[in-house]
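Worth knowing before you read on, the calculation uses all heavy atoms, side chains too, and leaves out hydrogens, waters and symmetry mates. Residue numbers start from 1 in every chain, and the chains themselves are labelled A, B, ... in the order their sequence lines are given, proteins ahead of strands.
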Amino acid sequence: MADNSATQRITALVRKIPRGRVATYGQIAALADRPRNSRQVGSVLKSLPADSHVPWHRVVNSHGRISGRNNSTSEGLQRCLLESEGVQLNDAGRIDLAAFQWKPRQR
DNA sequence: GTTATGACCCAAA
DNA sequence: GTTTGGGCCATAA
């Protein structure tokens, strides 16, 4: 890809997340070669156009918590989408990263 | 060019 | 468990 923009890189990575699997912001940032840029991942996803085809709902924070910073974005929607794809949440409303975190190396 | 904001992360209280 | 402060970098204005 000719675009070196972080947005393009992030979107490309998120797009690579398989169904039924989730990735953390820190992970995406690290894969994007920007380990400290986790914030941008969120900002980018928030600003993503609907045509990007990016499963932003598969992106959660390091604790497996739903993002959206609260219910403003679509906390319930994200959870619904994840469950619809096979990702189960525990009683605390968090994702079991030990079982559902995406591992690009292992695929 | 600068300023302000941010779907984060980490550490400390 | 929550709240506060600091840091990093990119986007938008």
Side-chain angles (χ1 to χ4, degrees):
Chain A
M1 306 291 246
D3 288 334
N4 294 335
S5 11
T7 315
Q8 296 293 305
R9 196 159 14 190
I10 292 168
T11 48
L13 284 165
V14 178
R15 206 178 304 157
K16 284 170 61 182
I17 302 175
R19 181 166 63 91
R21 207 50 54 102
V22 296
T24 65
Y25 285 96
Q27 188 176 359
I28 297 295
L31 289 171
D33 208 25
R34 244 91 220 193
R36 267 83 190 180
N37 204 4
S38 41
R39 278 169 129 175
Q40 236 37 48
V41 181
S43 280
V44 166
L45 293 176
K46 155 178 110 168
S47 210
L48 272 183
D51 323 42
S52 299
H53 252 193
V54 177
W56 55 269
H57 53 257
R58 290 182 193 148
V59 185
V60 293
N61 65 11
S62 296
H63 291 278
R65 243 302 212 207
I66 299 294
S67 333
R69 210 165 198 205
N70 53 45
N71 45 29
S72 30
T73 358
S74 327
E75 171 189 327
L77 174 62
Q78 183 166 7
R79 173 174 167 174
C80 186
L81 287 166
L82 289 171
E83 291 182 334
S84 183
E85 293 181 349
V87 179
Q88 300 175 349
L89 286 90
N90 61 18
D91 293 336
R94 291 182 294 193
I95 299 170
D96 188 357
L97 295 176
F100 294 106
Q101 185 170 33
W102 174 48
K103 299 172 183 175
R105 292 282 170 164
Q106 297 182 1
R107 199 161 56 103

Would you mind telling me which of A/Ser62, A/Ser38, A/Ser67 makes a side-chain hydrogen bond (donor to acceptor under 3.5 Å, both in side chains) with A/Tyr25?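 Running side-chain hydrogen bond (donor to acceptor under 3.5 Å, both in side chains) over A/Ser62, A/Ser38, A/Ser67 with A/Tyr25 returns exactly one hit, A/Ser67.
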
Protein-to-nucleotide contact annotation, 5' to 3' order, nucleotides 2-13 of chain C [B base; S sugar-phosphate only; - none; under 4.0 Å, heavy atom]: -----BBBBS--

Does any N or O in the side chain of A/Gln27 come within less than 3.5 Å of the main-chain N or O of A/Trp102, such that one atom is a donor and the other an acceptor?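 Yes.
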
Counting only N and O atoms by type, is there a donor-acceptor contact under 3.5 Å from the side chain of A/Thr11 to the main-chain atoms of A/Gln8?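 Pair found, side chain donor or acceptor close to backbone of A/Gln8.
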
Measuring from A/Ile95:CD1 to A/Gln101:CD, what's the distance to the nearest 0.5 Å?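 If I round to the nearest 0.5 Å, the distance is 10.0 Å.
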
Send over the distance from A/Lys46 NZ to B/dG6 P, rounded to a whole Å.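 That distance rounds to 6 Å.
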
Separation of B/dA7 C1' from A/Ile10 CD1 (nearest whole Å):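 A/Ile10 atom CD1 is separated from B/dA7 atom C1' by 12 Å.
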
Under a 4.0 Å threshold between the charged nitrogen and the carboxylate oxygen, would A/Arg21 count as salt-bridged to A/Glu85?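 Salt bridge flag = no for A/Arg21 with A/Glu85.
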
